[in-house]
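Right, one structure below, let's go through it.
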Amino acid sequence: MEGDLAYIGAGLAGMGTGIAALGVGNVAANFLAGALRNPSAAASQTATLFIGIAFAEALGIFSFLVALLLMFAV
Amino acid sequence: MGKLFFYVALALVLVSGVLFAPEHAGLAIHPMDQFGVESLFGGDHIAWYTPTNVTLWMLLAVVAIIAVLVLGSSNRGIVPSRAQSVAELAYGFIYKMVEDVTGKDAVKFFPYIMTLFMFIVTANFLGLIPMSFTTTSHFAVTAVLAVLVFVTVTITGFVLHGAKFLGLFWVSSAPLALRPILAIIELISYFVRPVSHCIRLAGNVMAGHAVLKVFAGFAGALGAGAFLPIFAITAVYALEVLVAFIQAYVFTILTCVYLKDALHPSH
Amino acid sequence: MASTTHDAGHGAADAAHGAVDAAAHGSSGMPQLDFSTYGNQIFWLLVTLVVIYLILSRVALPRIAAILNERQGTITNDLAAAEDLKAKAVEAENAYNKALADARAEAQRIAAETRAEIQAEVDEAIAKADEEISAKAADSEKAIAEIRAGALESVKIVASDTASALVAALGGKDDADAVASAVAKRTEG
């Protein structure tokens with residue numbers, strides 16, 4: 001029974017990965033919007049873009065990790 | 001020509017799916033088995049010095065780095081060979097990153113950052129070889145890398161700026177009443193840095209490899225219908241090649257960003 | 001096909017059982033959380049990092065930096081040389097243009113000189129011709145004047161002869177002197 005509950009929890013935690021994907025998409029979309037408005041400044045900001053994406057994605061990876069922990073370690 | 005090749009490949013996949021279909025078709029997916037640490041020369045007990053597949057693939061990473069950076073540049077050509085231009089590209093890429101993100105005075109950290117980048121990027125790409133072992137998919141490895149960065153940043157900050165380095169947490173641009181709260185938040189985020197730094201890399205690599213393994217399991221279960229998962233594997237593999245580089249890049253650039261805090265802690 | 005799906009379903013159930021079993025056995029589920037291998041991984045990672053660091057900082061990075069510097073130097077030198085050659089080319093072009101302009105001026109000068117010479121010759125010839133013409137005209141005039149003088153003389157002689165003949169015919173005395181003076185008087189008047 002407890003194992004089954006862990007699987008349900010893992011599924012719920014896995015949803016967090018998708019929600020993080022929204023965040024990553026948001027970062028990329030806003031970067032693109034800004035880059036199209038001011039293309040000359042875009043090249044200098046790609047590093048910032050990747051840092052932003054990395055921070056947003058890290059949280060998704062956290063929830064993926066929680067799902068893994070629930071599946072394999074609890 | 002391309003179309004013909006495509007159909008031949010498709011036919012091969014279908015035929016092999018029929019010929020080599022498992023006796024009891026079923027989902028036997030063990031996505032995490034590929035990450036197992038095993039002793040190279042038998043024996044169940046793994047002591048700290050035992051040569052394991054970790055040792056082997058780290059050694060291969062060192063060999064690959066030597067092949068590209070040392071042997072590739074041994075001609076010292078004014079007009080570079082292929083390997084030499086790869087070495088020069090990697091050098092210029094990281095050097096420019098350190099200079100742009102951290103500042104000109106951070107050049108003394110350049111060999112250290114280059115070591116991190118080269119190790120991560122080589123380990124990631126070596127891990128993409130089928131049947132290989134990905135050292136960067138283990139938290140033990142990435143945690144050491146992240147803690148090394150954390151310790152380097154903290155020590156550099158205190159050595160260069162002494163107690164003033166604590167000003168990093170005291171946001172002087174915020175209203176006075178908010179500053180203690182912000183200081184607590186900043187302090188927590190400072191200590192969460194190595195955690196996210198390590199989990200981001202290992203989690204990304206692990207997730208990608210697990211997804212590949214899951215699709216491979218589908219392919220094994222579907223027999224002649226296996227071409228669908230195989231296409232999916234191809235697509236995910238391409239994505240993983242991208243991720244392998246981007247995660248190394250992200251790890252390195254975050255190292256540069258954290259180092260900037262240590263060198264120029266003006267908040 | 002339906003039976004395959006059925007089997008697959010069974011397989012999935014088996015796999016799930018396997019996972020649950022593995023979870024029950026603990027560490028075998030996720031090798032990343034098997035702490036017994038941590039010491040091994042960390043040890044070999046540190047060895048690897050130290051080796052890579054030494055290789056990079058002692059051999060690879062100084063060499064690549066030297067190569068890049070050398071190339072930069074070569075490029076700078078080549079650029080300077082190219083600049084030099086370009087300046088030389090511009091100089092040569094200027095010299096060429098100057099030579100061309102000089103040659104053109106010379107040609108014009110020669111042409112003008114020649115023209116002037118020819119003009120002088122022509123003028124001289126014309127002057128000479130004019131002179132000759134005027135000399136000839138003077139000669140002719142002189143001849144005409146002589147002829148005219150001759151004619152006047154002849155007229156005087158004829159007139160005096162005629163006058164003497166008339167005087168003789170009219171029965172007058174042939175006084176030559178008086179006739180001559182009378183004729184001269186008449187012809188002059």
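The chains referred to below are lettered A, B, ... by the order of the sequence lines, with proteins before strands, and numbering in each begins at 1.
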I need the B:Lys213 NZ to B:Ile233 CD1 distance, nearest 0.5 Å.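 The distance works out to 9.5 Å.
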Contact class of [X] relative to chain B, heavy atoms under 4.5 angstrom:
| X | value |
| --- | --- |
| C:Ile75 | neither |
| C:Ser36 | backbone |
| C:Leu61 | both |
| C:Leu45 | both |
| C:Ile52 | both |

Flag the one option from [options] with the top tally of heavy-atom pairs under 4.5 Å to chain C.
| options | answer |
| --- | --- |
| B:Ser137, B:Ala202, B:Ala143 | B:Ser137 |
| B:His45, B:Met206, B:Gln84, B:Met118 | B:Met206 |
| B:Ile65, B:Val141, B:Val68, B:Val79 | B:Val141 |
| B:Leu69, B:Thr55, B:Val62 | B:Thr55 |

Does the gap between the ring centers of B:Phe110 and B:Tyr91 come in under 6.0 Å?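 Yes, ring centres under 6.0 Å apart.
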Flag the pair B:Tyr112 / B:Phe109 as yes when their ring centroid distance falls below 6.0 Å, and as no otherwise.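 No, the ring centres sit 6.0 Å or more apart.
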Side-chain heavy atoms of B:Val37 within contact of C:Pro31, under 4.5 Å: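 B:Val37 does not reach C:Pro31 side chain to side chain.
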Okay, side chain of B:His197, backbone of B:Leu145: is any donor-acceptor separation there less than 3.5 Å?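 No: the side chain of B:His197 does not pair with the backbone of B:Leu145.
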Can you see whether B:Trp57 engages B:Thr135 through a side-chain donor-acceptor pair at a distance of less than 3.5 angstrom?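 Per modelled atom types, B:Trp57 and B:Thr135 side chains form no pair under 3.5 Å.
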Does a donor on one side chain and an acceptor on the other come within less than 3.5 Å for C:Gln41 and B:His138?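 Result is yes, a qualifying pair exists.
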Identify which part of [X] has an atom lying under 4.5 Å from any heavy atom of chain C, answering side chain, backbone, both or neither.
| X | answer |
| --- | --- |
| B:Pro31 | neither |
| B:Leu59 | neither |
| B:Ala47 | backbone |

Report the relative orientation of the aromatic rings in B:Tyr249 and B:Phe245; use parallel for angles under 30°, tilted for 30 to 60°, perpendicular for over 60°.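 Ring orientation, 0 to 90° scale: parallel.
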